[in-house]
Each structure stands twice: as structure tokens, then as C-alpha cells.
Amino acid sequence: MDMSAKSALPGTSTIARDDAVARFIANEKRTAQQRLIRNRLLALGFGLLVIAIWHISTEAGFVHRLIIPSPIDTFWATGRVMSAEYFWPNVGVTLSEIAWGFAIGLSSGVVFGVLVAMFDTVRATIYPYLVALQAPPKIVLAPIFVTWFGFDQPSKIAIAVVMSFFPMFLNTLTGLSSVDPNAVKLMRSLTAGRWKTFRYLLLPNALPIMMAGVKLCWTLAVLGVIVGEFVGASAGIGYLIYAMNFQLDIAGVFSLIILLSVFTLVIYQLIEWLESRIIFWKQL
Amino acid sequence: MGLIEGANLDKVYSTATGPLVALTNVSFTINEGEFISLVGPSGCGKSTLLSILGGLEQKTDGDLILAGQHHDAPRRDIGMMFQTSVLFPWRTIRQNVRLPGEILGLDKKQQADRTDELLDLVGLNGFGERFPGELSGGMRQRVALARLLAHDPRVLLMDEPFGALDEFTRETMNVELLRIWEKTGKTVVFVTHNIGEAVFLSDRIFVMTPRPGRLEGIVEVDLPRPRTTEVMRDPRYTEHVYDIRRMLGVDH
Ligand SMILES: Nc1ncnc2c1ncn2[C@@H]1O[C@H](COP(=O)(O)OP(=O)(O)O)[C@@H](O)[C@H]1O
Ligand SMILES: [Mg+2]
């Protein structure tokens with residue numbers, strides 16, 4: 001750097017000015033950090049407050065401990081549930097149901113979305129029915145599916161598939177259809193056919209909306225399996241919740257709900273992380 | 001005989017409210033290497049005519065000949081550019097410029113070299129690894145221009161390519177486009193509703209009027225080449241602008 005260079009302001013050298021800029025930047029950084037810490041503390045504090053109120057109201061007997069167990073009861077119950085020998089086999093049942101339901105719902109949603117978006121005859125043939133089926137709540141099918149497919153895993157998987165199929169189908173279709181008409185014109189002008197247009201333009205363009213569908217699909221697959229296990233099952237987390245609730249082991253129910261929530265959230269976060277990897281670009 | 005010949009072209013769209021006549025009885029000849037502009041108010045059928053020239057839309061009636069053959073489908077020797085850059089945000093600038101080559105299956109090595117040359121030509125050397133989201137509107141149109149030239153098409157169809165840019169950027173782009181056109185000798189059909197831009201750029205201007213879209217007249221631009229923004233001070237420039245305004249009936 002040229003030491004003799006003088007700034008426009010008399011008496012302030014370049015060095016002094018650089019110094020001021022550096023101090024300003026450091027200051028900004030510190031403020032941003034402080035804000036982040038403050039926000040974290042606020043959120044944490046609120047959570048602790050809720051737990052404290054929960055604790056006090058159960059300990060003080062405002063609500064019966066059998067109806068709402070205290071945080072400490074729930075904590076011990078979690079340990080008890082997780083170390084019980086029946087726990088892991090039931091977890092295994094539910095996890096495999098969710099995994100199958102999610103995988104089948106997701107892939108069939110993508111396949112049908114692509115077929116309806118890309119082929120006019122397919123669209124004309126099945127789209128009206130898919131739209132009609134999309135409206136009613138799929139949960140009403142749960143009892144019938146249990147009757148049809150029995151008390152074991154297939155009925156739960158079927159419910160999860162039916163519930164998670166639609167968001168994936170609709171988001172795939174919407175994603176493939178919401179494309180800049182000029183981009184399609186560009187592809188056509190380059191003599192690109194259906195397949196090349198799909199591969200180079202439509203699919204990557206649809207990914208952000210499709211990833212939103214994947215998240216919905218995940219949440220609904222979990223929901224479908226648990227509801228299915230409520231309706232009729234002899235194993236699984238939903239079955240355990242139902243059974244413990246019946247035995248008035250509410251602390252056990254709480255701990256299962258917490259464990260299920262943590263699991264669902266972890267996978268959800270994983271999907272979001274995947275999403276940030278897949279969609280690395282900024283929309284124009 | 002010209003490179004592109006249109007005779008009595010009609011275009012009727014069928015819409016929910018009945019048939020809509022977008023073009024009626026349009027006839028013209030475009031010679032190889034010519035710079036043609038289509039000028040006219042919104043809805044006079046400029047984009048429709050350009051789409052027909054590109055083989056993307058079918059004429060309803062009339063004859064369209066390109067290089068001695070009937071023309072009704074997209075061809076690799078015709079390139080298109082639009083008002084929006086239509087860059088793919090998931091591709092780097094370099095990958096965007098290489099898109100036509102990839103789709104047409106052109107030689108990879110050759111395309112790589114050509115991409116470097118083109119980025120140079122449009123003044124974006126060093127931006128190859130950036131993504132479109134990081135570039136300004138003017139820079140994106142430069143990339144679109146490079147992509148337009150990537151597979152070396154013979155005819156360039158440009159639909160208001162600088163219409164969304166600010167006045168200063170637009171003028172710079174006009175000068176650059178002329179420089180590139182003079183270097184490459186392409187046949188250009190350039191759509192604009194900016195009369196001054198059309199006069200500055202063109203050899204001939206097709207003046208179009210709406211309801212229904214017609215070719216009102218053709219103006220031969222009598223200005224020397226190569227042109228710089230200096231020609232805007234030429235009395236003939238002003239004369240042409242006023243002629244066209246009169247043809248369009250915008251003088252009150
Ligand atoms: N795909 C289409 N379907 C129906 N009408 C269209 C279509 N494209 C253009 N038009 C109509 O044709 C007329 C000319 O449109 P266009 O060629 O876009 O004009 P310009 O580019 O000069 O503004 C307008 O009335 C427009 O609404
Ligand atoms: Mg237009």
C-alpha cells in the first residue's frame with residue numbers, strides 16, 4: 001500500500017481510514033453474533049418456562065398426575081419405555097411401515113406426476129379421477145384397509161401410501177408445469193424433443209417444488225402409519241400408544257409421542273439438508 | 001431470391017372467444033446477411049411472425065420459404081433470443097452457453113473453445129463459472145446473446161431482447177450487437193417497439209399495425225455503416241423515426 005497516499009479529508013491518512021473500516025466491520029460482526037446468541041437464549045428460555053409451568057402445575061396438583069404426568073415422570077417413563085423388551089421390536093415394525101409407505105408413496109407420486117405432465121393422453125384419461133380422489137380425507141380409508149389387508153404391516157403401508165401419494169403427485173405435476181413458456185420455446189427452437197426438454201429443462205426446474213412435496217410426503221407417511229396402527233394393529237408405536245393410553249399409562253404415552261416427534265423431526269431435517277444440497281442455485 | 005420469403009401469410013388463433021386474426025396478408029423478402037427490425041405496438045403480431053419464422057408456430061395460410069424450401073418446423077440453423085434471458089439457474093454461465101451444443105450433440109472440445117471465444121465476444125470473460133443468479137439483467141442478456149451464437153445459426157430471431165433493460169444498458173447492447181453482427185454476417189430479425197432502436201440497428205424496418213396484424217410498410221434505412229451512436233445526430237435518423245411514427249399513426 002502507498003503510505004504517502006492521503007485521503008480527501010485533511011489529516012486522516014489511508015491507514016487511519018482502513019483502521020476505521022476494519023473496526024466497523026469487526027463491530028458489525030460482533031453485533032450480529034450477539035443478536036444470534038440473544039435469539040437462541042430467548043427460544044431456550046421460553047422452552048424452559050413452559051416446562052417449568054408444566055412442572056409446577058402438576059407438582060402442585062392443579063391437574064391430576066395420572067391425567068398429565070409431570071416432566072420428571074415423563075423423563076423416567078421414557079427410560080422405562082426405551083429399556084422395555086417390547087419397545088424395539090415395535091419400533092422396528094413402525095419404522096419399516098413408514099419406510100415402505102414413504103418410498104412407495106413418493107415414487108408412485110413422482111411417476112404419475114411425470115406421466116400426467118408429459119403425456120396428454122395420460123392426462124386426459126386419469127387426471128380427472130386423481131383430482132376427484134385428492135379432495136376427500138384419505139384417513140377415512142383406514143378402517144377399510146385394515147379389513148382388506150389385515151392387522152399386519154400391509155394395511156399400514158397402504159394407508160401411508162394413499163396419504164403420501166397425493167402431495168408428491170401434485171407437486172411433481174405443478175413443478176413440471178410451472179415453466180417459463182419462453183424456456184420451452186428455446187428448447188423447441190433448438191429442436192429438442194420431449195425427452196431432452198424433460199431432462200435439460202422441466203425436471204431441474206421442478207426440483208424445488210418437488211422437494212417441498214417430499215417433505216409433505218414424509219409427514220403424511222408417518223401420520224398414515226400411526227393412524228393405521230390406532231385403527232387396528234397388534235404391533236407398532238401407534239399400537240403401543242393406544243394400549244398404554246387404555247391402561248392410563250399417560251407418562252408412557254407422552255414419552256412415545258416425544259420419541260416419535262424427535263424421530264420425525266430428525267428425518268425432516270435430513271430431507272431439508274438434502275434439499276439444500278440438491279437445489280444449490282438461486283432462483284432467477 | 002431472398003433467404004426467407006413470406007407470401008400472403010395469415011395467422012389465426014382459435015381462442016375461447018372465437019378466432020383471433022393475429023396476422024393477415026403479410027408478404028416480404030429477407031436477404032442473407034440483412035438486419036431487419038419488426039416495429040409496431042403491442043399486439044400487432046410481431047412475436048407471432050417471429051415464431052412462424054422460427055418454425056414454432058404454423059401459419060394458417062400463405063407460403064413461407066427458407067433457403068428455397070418450405071419452412072414449417074424448428075431448424076438448428078435458426079436461433080432464438082427473448083426479452084427474458086431464459087438462462088437455466090442451475091447451470092453456470094459456461095454451461096448455459098454450452099446448452100445448444102449439448103442438445104444438438106456438437107463436438108465437445110470444439111464447443112468448449114467456442115464458449116471461451118463467445119464469452120470474450122460478449123465481454124464476460126472470467127464470469128464462466130458464475131451462476132445466472134449472481135449476474136445483473138444486462139449481463140444475463142449478454143450470456144443469452146452468447147448462447148444464441150453458440151451453435152452458429154445462420155438466422156437470428158430476437159424478440160425484444162433488450163426491452164427489459166434500462167436505457168443506458170440497452171444502448172450499450174445495441175452497439176455490441178451491431179459489432180457482433182458486422183463480424184459474423186448473420187441474418188437478423190429483431191423485434192422492438194422502440195423506433196429509435198430499430199432505425200439505429202437495421203437495414204430495413206418492417207412497420208406493423210394491429211387489429212388485425214398487418215405489414216403496413218417497409219422502410220429502407222439510409223444511414224452509413226459501421227454505425228456508432230453518432231448516427232443519432234444525423235438528420236436522416238430523425239427523418240426515419242418521424243416517417244415510421246407517421247406510418248404507425250402515433251403523431252398527434
Ligand atoms: N398462443 C396464442 N393464442 C391465442 N392468441 C394469441 C397467441 N399468441 C398471441 N396471440 C394474440 O395474437 C395477437 C398478436 O400477439 P403477438 O404476436 O404476441 O403481438 P406482439 O408481439 O406484437 O405484441 C394478440 O392479440 C395476442 O393476444
Ligand atoms: Mg411480443
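Letters A, B, ... are given to chains in the order of the sequence lines, protein chains preceding strands, and every chain is numbered from 1.
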Neighbour count >12 (heavy atoms, 6.0 Å) for atom CZ, A:F280:
yes

Give, as side chain, backbone, both or neither, the part of A:N182 having an atom under 4.5 angstrom from any heavy atom of chain B.
both

Could you tell me if the side chain of B:P89 sits less than 4.5 Å from the side chain of A:K282, heavy atoms only?
no

Approximate separation, where rounding is to 0.5 Å, of A:R199 CZ and B:E102 CD
7.0 Å

Measure the CZ-CH2 distance between B:F88 and A:W281 for me, rounded to the nearest 0.5 Å.
11.5 Å

So which of B:R75, B:R76, B:M80 actually passes side chain to side chain contact (heavy atoms under 4.5 Å, CB included) with A:S189?
B:M80

Side chain, backbone, both or neither: which part of B:L56 has a heavy atom under 4.5 Å from chain A?
both

Is B:W181 atom CH2 crowded by more than 12 heavy atoms from other residues, nucleotides or ligands, each under 6.0 Å away?
yes

Would you give the length of the straight line joining atom OG of B:S51 to atom CZ of A:R188, rounded to the nearest 0.5 angstrom?
8.0 Å

Is there a side-chain contact between B:L99 and A:L186, using heavy atoms and a 4.5 Å cut-off?
yes

Note: vs chain B, highest number of non-hydrogen pairs under 4.5 angstrom among A:L201, A:L207, A:D180 is A:L201

What do you reckon, is CZ of B:F131 surrounded by more than 12 foreign heavy atoms closer than 6.0 Å?
yes

Taking the side chain as everything from C-beta on, heavy atoms only, tell me whether A:I279 gets closer than 4.5 Å to B:W90.
no

Side chain, backbone, both or neither of A:K185 within contact of chain B (heavy atoms, under 4.5 Å):
both

Is it true that, when you exclude A:Q283 itself, more than 12 heavy atoms of the residues, nucleotides or ligands shown sit nearer than 6.0 Å to its CD?
yes

One should read off an interatomic distance between A:T191 OG1 and B:I103 CD1, to the nearest 0.5 angstrom, of 8.0 Å

Take atom OH in A:Y127; do more than 12 heavy atoms of anything else shown fall under 6.0 Å from it?
no

